[in-house]
There are 2 protein chains.
Amino acid sequence: MKKANKILVTRLYRYRDAIYRMKYMGLVKVFSENIADAVGVTSSQVRKDFSLFKLSGNKRGGYVIDDLLKKMNESLGKNRTQDVIIVGCGHIGTALKLYKGFEKKGIRIVAGFDIDESKVTRDAKVPILPFQELSQFIKTKKIKIGILAVPETAAQQVLDQMVQAGIEGILNFAPMRLSHQENVVVNNVNLGLELETIIYFVGEIEKKQYEEK
Amino acid sequence: MKKANKILVTRLYRYRDAIYRMKYMGLVKVFSENIADAVGVTSSQVRKDFSLFKLSGNKRGGYVIDDLLKKMNESLGKNRTQDVIIVGCGHIGTALKLYKGFEKKGIRIVAGFDIDESKVTRDAKVPILPFQELSQFIKTKKIKIGILAVPETAAQQVLDQMVQAGIEGILNFAPMRLSHQENVVVNNVNLGLELETIIYFVGEIEKKQYEEK
DNA sequence: GATATAATGTGAATATATTCACATATACTA
DNA sequence: TAGTATATGTGAATATATTCACATTATATC
Ligand SMILES: NC(=O)c1ccc[n+]([C@@H]2O[C@H](COP(=O)([O-])OP(=O)(O)OC[C@H]3O[C@@H](n4cnc5c(N)ncnc54)[C@H](O)[C@@H]3O)[C@@H](O)[C@H]2O)c1
Ligand SMILES: NC(=O)c1ccc[n+]([C@@H]2O[C@H](COP(=O)([O-])OP(=O)(O)OC[C@H]3O[C@@H](n4cnc5c(N)ncnc54)[C@H](O)[C@@H]3O)[C@@H](O)[C@H]2O)c1
C-alpha cells in the first residue's frame with residue numbers, strides 16, 4: 001500500500017458503503033462508473049483509487065460485488081468489531097451513545113464516562129461510569145478509540161489522560177485544536193465551522209446571481 | 001475575491017477563531033506565525049490565504065488584531081446573525097438545538113420541526129413545530145439555512161421540500177449522498193465515516209510500528 | 001472459433017494546493 | 001534622522017491530487 005492518505009481512505013469507505021447498498025438492492029456486478037455516480041466522483045477517480053489499493057476487477061466485466069467487498073474488507077478492516085468509549089455524556093455524547101447506526105459498521109460503543117456523578121448508570125446495557133474509572137477501563141479493556149464530547153475547557157486535559165491510558169484515536173467535538181503526539185490520530189468535528197462555511201457560500205451564491213444579472 | 005474555495009474559506013474561519021482567542025487573551029498584535037501555530041498550518045499558508053482574501057498587515061509590524069478582525073468580518077460576514085432551523089428533533093437535532101456555542105458565532109437556531117406530534121413544543125423559547133408548518137415557516141421568515149437530522153430514509157424527501165420552500169444551505173447528518181441542484185450548498189457530517197477512518201489509521205500505526213521493529 | 005465491443009488499469013498530462021525564497025516596506029534603536 | 005533588523009506579500013518552485021487517454025484483455029455476438 002502506498003503512503004496512507006486520509007482523503008483516499010475516506011473515499012474508499014464511501015465506495016464500500018455504496019457497494020453494500022448496491023448489493024442489498026440485488027446487484028451482482030458493478031462498473032467503476034456506477035460507484036462513481038453513487039459517491040459523486042469520476043469513474044477514473046474510482047479506478048485510480050482501487051489501483052492504489054490493489055483492488056482489481058475484470059477487464060470489460062466490471063467488478064463482482066462479493067469479491068470486491070471481500071477484498072475491501074480485508075484492506076479496510078471490517079472483520080473484527082471495534083470497541084469505542086465516549087467521554088462526556090452530555091447532549092452530543094448521549095446522542096452518539098444511543099445511535100444504532102454504528103453497530104452495522106462494526107463499531108460498538110462499550111461505555112460512557114462523565115464527571116457528573118448523577119449521570120452514572122452502571123447497569124445500563126451501555127453503562128455510564130464515573131470519570132475516575134476511565135484510565136483503568138481503557139487499560140484493562142485495551143480500548144484504542146474514544147469519542148471526546150466534553151466542554152472545550154476540559155478537552156485538552158481529558159485528551160491527555162485518555163492518551164496516557166492507551167487511547168490511540170479520538171473523535172473530538174470540542175471546537176478547538178488539541179495538541180497531541182503524532183502517533184495519536186485525532187479527527188475533529190467542528191459543527192459551528194460547518195455552519196459558518198455554509199452561510200458563507202450561501203451568501204456567495206446570492207452575490208454571484210446578482211452579478212450575473 | 002478569487003474562485004471560492006471551500007478549504008481556503010474554512011481555514012480563514014479557523015484563523016478568525018484563533019485571532020479572537022488571542023484578542024480575549026489581551027493581545028493587540030499578531031504575526032502570521034502566531035496564527036499558523038494556533039491553527040496548525042505554516043506561516044506562509046496564512047500569508048498566502050490572507051493575500052488571496054486581500055487581508056493585509058504591516059510590513060515588519062504583523063497584524064493589528066482589531067483591524068484584522070474588522071476586515072475578516074467584512075469578508076466572512078459576522079455582522080448580521082443568521083437564522084437557522086433544525087428539521088428532525090431526535091437525538092442529534094435536540095443536542096444541536098440546546099447547544100449554546102452557536103450564538104457567539106452569530107448563528108441563531110430559531111425553530112425545530114418534527115413529524116412526531118409528541119415532540120411539538122410551541123411555547124418553548126426555541127419551539128418545535130409540526131412538520132406540516134415547515135414550508136410556510138421557511139417562506140414567511142425567509143430562512144436560508146437548515147440542519148437536516150432526520151432518519152436516512154426520509155432525508156432526500158425532506159431536503160427536497162426544504163429546498164422547494166427556499167432553503168439554500170443544508171448541514172446534513174444522514175450518512176448518505178443527497179442529490180440537489182448545484183445552487184444549493186450541502187455539507188455532510190458523516191460520523192460513522194469519521195470513526196471508520198480513525199480506526200483505519202490507528203490500525204495502520206500499529207502495523208507501521210510493527211514493521212519498524 | 002473469430003471478431004467486435006466495452007470496461008479496466010495505469011502512466012502521462014493537467015490542475016490544484018502548498019511551500020519557498022526574497023524584494024520590499026516599516027518599526028524600532030541609537 | 002539614519003541605519004538595521006524583521007515580518008509581510010507574492011511570484012516561482014514544488015508537491016499533491018485529479019483527470020485524460022489508450023493499450024490491454026475479458027466478454028458477448030455471430
Ligand atoms: N451539543 C452540540 O450540538 C454541540 C455542537 C458543537 C460542538 N459541541 C461541542 O461538543 C462538546 C460537548 O457538547 P455538549 O453540548 O454535549 O455539552 P454538555 O455540557 O451537554 O456535555 C458535556 C458533558 O461532559 C461532562 N464533563 C465535563 N467535564 C468533564 C470531564 N473533565 N470529564 C468527563 N466528563 C466531563 C459534563 O458533565 C457533561 O455531561 C463541547 O466541547 C461542545 O463545544 C457540541
Ligand atoms: N444520533 C447520532 O449520534 C447519529 C450519528 C450519526 C448519524 N446520525 C444520523 O443523523 C440522523 C438523525 O439521527 P438521530 O439519532 O437524531 O435519529 P432520531 O431517530 O433520534 O431522530 C430523528 C427525528 O426525526 C423525526 N422525523 C422522522 N421523519 C421525519 C420527517 N419526514 N420530517 C421531520 N422529522 C422527521 C423523528 O420523529 C425523530 O424525532 C439520522 O440520519 C442518523 O443516521 C445520527
Side-chain angles (χ1 to χ4, degrees), chain A residues 1-16 18-19 22 27-72 75 177 182 197 201, chain B residues 1-16 18-19 22 27-72 75 177 197 201 204:
Chain A
M1 184 140 352
K2 295 282 290 280
K3 184 175 29 144
N5 177 307
K6 185 168 162 182
I7 188 171
L8 166 63
V9 170
T10 301
R11 275 202 306 266
L12 280 153
Y13 280 102
R14 286 189 201 279
Y15 299 156
R16 187 175 69 176
I19 295 161
M22 291 170 187
L27 299 190
V28 173
K29 281 172 38 173
V30 278
F31 301 129
S32 59
E33 192 147 344
N34 305 138
I35 302 169
D37 289 346
V39 172
V41 299
T42 63
S43 64
S44 41
Q45 181 84 80
V46 173
R47 295 200 302 278
K48 172 68 79 177
D49 290 345
F50 278 13
S51 173
L52 294 169
F53 258 73
K54 306 265 185 290
L55 297 167
S56 59
N58 313 299
K59 285 253 163 70
R60 166 129 199 214
Y63 305 83
V64 174
I65 286 184
D66 283 336
D67 297 354
L68 182 56
L69 286 174
K70 189 145 166 279
K71 282 196 253 175
M72 292 187 99
S75 356
R177 185 179 153 73
E182 65 172 303
T197 61
F201 285 110
Chain B
M1 183 136 355
K2 296 282 291 278
K3 183 176 30 145
N5 177 308
K6 185 168 165 183
I7 187 171
L8 167 62
V9 170
T10 301
R11 274 201 307 265
L12 280 153
Y13 280 102
R14 286 189 202 279
Y15 300 156
R16 186 174 70 177
I19 295 161
M22 291 170 186
L27 299 189
V28 172
K29 282 169 40 170
V30 278
F31 300 130
S32 59
E33 192 148 344
N34 305 138
I35 302 169
D37 289 346
V39 173
V41 300
T42 64
S43 65
S44 43
Q45 181 85 80
V46 173
R47 294 200 302 279
K48 173 67 80 176
D49 290 346
F50 279 12
S51 172
L52 294 170
F53 258 73
K54 306 264 186 288
L55 298 167
S56 58
N58 312 299
K59 285 251 162 73
R60 170 138 194 204
Y63 306 82
V64 174
I65 287 184
D66 283 336
D67 297 353
L68 183 56
L69 286 174
K70 190 147 166 280
K71 282 196 253 174
M72 293 187 98
S75 1
R177 185 178 152 73
T197 61
F201 285 111
E204 280 296 292

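We use all heavy atoms of the structure for the numbers below, so side chains are in, but hydrogens, waters and symmetry mates are not.
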For this session: Could you please name the option among C/dT5, D/dA21, C/dT19 that lies closest to any side-chain atom of B/Ser44?
Result: C/dT19
Problem set entry | Sequence neighbours excluded, every pair satisfying salt bridge (Lys or Arg N to Asp or Glu O under 4.0 Å) that has a member inside residues 7-16 of chain B | A/Glu196-B/Arg16, B/Arg11-B/Asp49
Exercise. Which nucleotide in the list C/dA17, D/dT8, D/dA17 gets nearest to the side chain of A/Asn5?
Worked result: D/dA17
When the side chains of residues 55-66 of chain A are checked against the rest of the protein, which donor-acceptor pairs come out under 3.5 Å, sequence neighbours left out?
{"from": "A/Ser56", "atom 1": "OG", "to": "A/Lys71", "atom 2": "NZ", "distance (Å)": "3.4"}
{"from": "A/Asn58", "atom 1": "ND2", "to": "A/Gly62", "atom 2": "O", "distance (Å)": "3.4"}
{"from": "A/Asp66", "atom 1": "OD1", "to": "A/Lys23", "atom 2": "NZ", "distance (Å)": "2.7"}

For this session: Describe the nucleic acid contact of A/Tyr63 in one word from base, sugar-phosphate, nothing, applying a heavy-atom distance below 4.0 Å.
Result: sugar-phosphate
Exercise. When you check the phosphate oxygens OP1 and OP2 of D/dA7, does a side-chain N or O of B/Ser32 lie under 4.0 Å from one of them?
Worked result: no
Problem set entry | Of the listed nucleotides C/dA4, C/dC28, C/dG9, the one nearest the side chain of B/Arg60 | C/dC28
Problem set entry | For atom CG of A/Leu52 and atom C1' of D/dA17, their distance in whole Å | 11 Å
Exercise. Separation of A/Lys29 atom NZ from D/dA26 atom P, in whole Å?
Worked result: 13 Å
Exercise. At their closest point, which heavy atom of B/Met72 faces which heavy atom of B/Tyr15, and how far apart are they?
Worked result: CE-CB, 4.0 Å
Problem set entry | B/Gln45 side-chain proximity, nearest of D/dT19, C/dA7, C/dT19 | C/dT19
Seminar exercise, completed: Bend of the helix from C/dG1-D/dC30 to C/dA30-D/dT1 from end-axis comparison, five pairs per end, nearest 10°, comes to 20°
For this session: May I have the distance from B/Lys48 (atom NZ) to D/dG9 (atom P), rounded to whole angstrom?
Result: 12 Å
Problem set entry | B/Arg11 vs C/dT18: side-chain N/O to OP1/OP2 distance below 4.0 Å | yes
For this session: For A/Thr42 and for B/Ser56, find the nucleotide of DNA chain D with the closest heavy atom, then tell me which residue's nucleotide is more 5'.
Result: B/Ser56
Problem set entry | Nearest heavy-atom neighbours spanning A/Ser43 and A/Ser32 | CB-OG, 3.7 Å
Problem set entry | Reported OG-to-CG distance for the pair A/Ser75 and A/Leu12, which is rounded to 0.5 angstrom | 7.5 Å
Problem set entry | Candidates C/dT19, C/dA17, D/dT24 - which lies nearest the side chain of B/Ile7 | C/dA17
For this session: Would you mind telling me which of C/dA7, C/dG9, D/dT19 lies closest to the side-chain atoms of A/Phe31?
Result: C/dA7
Problem set entry | Heavy-atom check, side chain of B/Asp67 versus side chain of B/Lys70, under 4.5 Å | no
Exercise. Quick one: B/Lys6 NZ to C/dA17 P, roughly how many Å, whole number?
Worked result: 13 Å
